[in-house]
Amino acid sequence: MRSFRRTLQFLRPYRLRVVLAVVFTLVVTVLQILPPRLFQFTIDSVLKPAISAKAELAEIEPQLRKPNPDPALAEKRDRLVRLREVEAPRMLLWASVALVGIVVLRNVCSYPLSWMLNWLGHRFCFDLRFATWKHLHRLSLAYHNQTQVGKIMARVTADIELIQGLIQGQLVTFISDVVTLAAVLGMMFWLEWRLAAIIVCLIPFYVLSYMAFLKHIREVSQEQRRLWDEMLGKLAEKIAGIAVVKAFVKEDYETENFMSSVRAKFRVDMRQVHLNRRLGLVSGVVSALGTGIVYAYGGKLVESGQMTSGMLVAISFYIGFIFNPAVRVVDFNNTLQWAVAAMDRVFQTLDTRPDVEDKPNAVPLRTIEREIVFDNVTFWYVEGKPAVQDVTLRVRHGQIIAIVGHSGAGKTTLMNLLMRFYDPQQGRILIDGLDLRDIKLESLRRHVSMVAQENVLFSVSIMENVKYGNRDATDEQAIAACKAADLHDFIMSLPDGYETMIGEDGIKLSGGQKQRLALARALVCDPKVLILDDVTSALDGETEARVQDALKQVMKGRTTFIIAHRLSSVVDADRIVVMDEGRIVDSGTHDELVARPGIYRDLYEEQFRSALDQVRANA
């Protein structure tokens, strides 16, 4: 229940509203248990005396018609007539008014109670969802790479809504039911302790049935949630990859695969229903048994004159206030187990510490003026299998450094370390003599921008996508960035210009346009260091030429790292670094590397073989 206590901490700033909600809950609960007492009063003090008065009048009327009737009988008749025709109707009217007043007051109090509960529920949901969303952004890239998108979505949406339902509804109902049980049992003991004792003796059966089903219900609740997360994960993954599914004609396979998860969830749901209904069956039997005993024994007490019929009616009503809330208290366990399991998952996410975070004494990076140094850097995703090993590299400010090598050589990983998406297990990376781990992350990433091979664009306008790199940028700065990326003319040819909506992930743009838009987004930050991760590998020759022309302009005056498989994009680099199996195996200019045997010359000859063969044939 530690997670439950932590959840309640989110309500601490609103404790005044919580107190008011509790007060209104108590008022509404008390008003709910008053009508049976009013029914008792009406039966015993109004209706029963009026009926008795009618019977007595019928007995004394013949005597009053005799000669010289007893004056006491005449006085008694007047008293009985006044009781039956004046006092009883007046008391019945007041009882009716009181009943209507109680119901109206209860509903009037229910309005602010409902408003406050809904406000607290939605505010709690807002705060917890905001805290979770903010924390997810603080978590390292490793967490997001290892966790399914569907599971993350379930934490932020379904799990928090489940907890909201508990705070906003079921928990308040549970508290109200507990208060009702205590008040009603106290009232019943005051009315007739023997009947109350019978009811109390039946309550342990509810507790026993609760304890018997508790373990199984919690296990099933956890399994339900696990299968729900798995189902959401599969759904998000396959929708994101729908093009691949269709390309390989795997619709039927994926349907069956998804249905296997749905079937498993259905079986667990039915098991939960079965457990709940068994629990409800036991509760219903106990409720029926209690009602029957009360009517049988209570009727005997009324017959013997040990209690009034009004008391029996009141107690009969109170049985509904005991057994029905008791059933709800037992059923509350199901919701509680679901909610606690959801709390555990949400707080598991909130308790996950980022692998990369600012030190308490981290300093902001003002600018980059001198150099970037990789000093014996080693990093692994899986221990014992280094992705980058013993890398030492010194880059002066303003240099263009190309990084080439076969797939899996560690090129992108090295740049991810520079962006500080990860920290190296050994060695260090220095910017102007400062270790990256001593620099505030926000300031580092304001000076270092990356354009990836596959960039994520958002379903908003072109202007908003460009300004995403710098929310404080003006329209003029965004337009200047688009001009530098050779995108401005294309944008102005669109009917809505910079306000054009580009669709989800820029679906309305071509590959080259996406790359140039991503480049403009990076440039609007005016970064000191620009990382270009294989940005032209998926483009055709003409589009690549346009992007390369744009890059030549934007790389001026910036330290630039170019990761490339196409060597045509790196021949003009100041230095080319060749990586293989996580190590730097060679370094030099294009001419130097082509002139000596090695991986670079092999790659060069492989990519330009047809041109080289033609040159040799002509020679």
Side-chain angles (χ1 to χ4, degrees), residues 1-32 106-107 109-136 151-183 210 214 217-218 220-222 224-226 228-229 232 272 276 279 324-352:
M1 298 300 286
R2 179 172 172 270
S3 295
F4 183 70
R5 290 193 294 272
R6 288 183 64 184
T7 300
L8 295 181
Q9 293 298 314
F10 281 85
L11 294 176
R12 176 169 289 183
Y14 317 113
R15 48 185 174 270
L16 178 59
R17 291 176 185 266
V18 172
V19 170
L20 286 174
V22 170
V23 169
F24 274 106
T25 299
L26 294 176
V27 170
V28 170
T29 301
V30 170
L31 291 174
Q32 189 175 356
R106 187 180 68 194
N107 284 296
C109 292
S110 295
Y111 176 80
L113 173 62
S114 177
W115 187 89
M116 278 187 287
L117 290 177
N118 278 280
W119 189 93
L120 287 170
H122 288 294
R123 184 68 202 190
F124 163 83
C125 183
F126 171 86
D127 290 346
L128 184 56
R129 184 168 286 154
F130 177 76
T132 306
W133 181 247
K134 185 177 179 181
H135 186 70
L136 283 170
K151 289 185 178 180
I152 295 176
M153 291 174 61
R155 300 293 175 272
V156 181
T157 56
D159 281 343
I160 292 179
E161 286 179 3
L162 192 61
I163 302 170
Q164 177 190 1
L166 175 72
I167 298 296
Q168 183 176 323
Q170 292 92 342
L171 181 60
V172 176
T173 302
F174 175 75
I175 294 172
S176 175
D177 287 338
V178 170
V179 173
T180 299
L181 285 172
Y210 170 84
L214 174 62
I217 288 177
R218 179 154 197 172
V220 172
S221 296
Q222 292 174 340
Q224 278 181 309
R225 201 67 215 176
R226 185 190 68 78
W228 175 256
D229 289 350
L232 272 183
Q272 179 80 304
N276 286 338
L279 186 58
N324 288 338
V327 171
R328 287 196 297 270
V329 168
V330 175
D331 283 342
F332 172 74
N333 172 67
N334 181 38
T335 302
L336 180 63
Q337 299 311 316
W338 267 77
V340 169
M343 292 173 195
D344 290 341
R345 288 189 296 272
V346 171
F347 284 113
Q348 182 183 31
T349 301
L350 289 174
D351 290 339
T352 302

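Counting from 1, the numbers follow the sequence of the chain as shown.
Counting non-hydrogen atoms of other residues, nucleotides and ligands closer than 6.0 Å to CH2 of Trp133 gives a total of 12 or fewer.
In this structure the side chain of Phe24 never reaches within 4.5 angstrom of the side chain of Leu117, judged on heavy atoms. Annotation: side chain of Cys109 is not in contact with side chain of Leu113 (no heavy-atom distance under 4.5 Å).
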Side chain to side chain contact (heavy atoms under 4.5 Å, CB included) between Leu136 and Val156: does it pass, once the steps are laid out? CA-CA 10 Å; Leu136 283 170; Val156 181; 3.5 Å; yes

Decide side chain to side chain contact (heavy atoms under 4.5 Å, CB included) for Val179 and Thr25; before the verdict, give the C-alpha distance in whole Å, the side-chain angles of both, and the deciding distance to 0.1 Å. CA-CA 9 Å; Val179 173; Thr25 299; over 6 Å; no

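Among the candidates Leu162, Asp159, Ile163, Ile160, the single residue satisfying the side-chain contact (heavy atoms from CB on, under 4.5 Å) test with Met343 is Ile163.
Using a cut-off of 4.0 Å between Lys/Arg side-chain N and Asp/Glu carboxylate O, Asp351 and Arg6 are scored as salt-bridged.
In summary, the side chains of Ser176 and Thr29 do present a donor paired with an acceptor at a separation below 3.5 Å, with no hydrogens or angles considered.
For Gln164, the side-chain contact (heavy atoms from CB on, under 4.5 Å) test picks out His122, Cys125, Glu161, Gln168, with sequence neighbours left out.
Expressed to the nearest 0.5 Å, how far CG of Leu350 lies from CG of Leu128 amounts to 6.5 Å. A distance of 12.5 Å separates OG1 of Thr352 from CZ of Phe347, quoted to the nearest 0.5 Å.
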Show me the donor-acceptor pairs, under 3.5 Å and distance only, between side chains in residues 8-20 and residues at least two apart or in other chains.
from  : atom 1 : to     : atom 2 : distance (Å)
Gln9  : OE1    : Arg12  : NH2    : 3.2
Tyr14 : OH     : Arg123 : NE     : 2.9
Tyr14 : OH     : Asp127 : OD2    : 2.6
Arg15 : NH1    : Arg12  : O      : 2.9

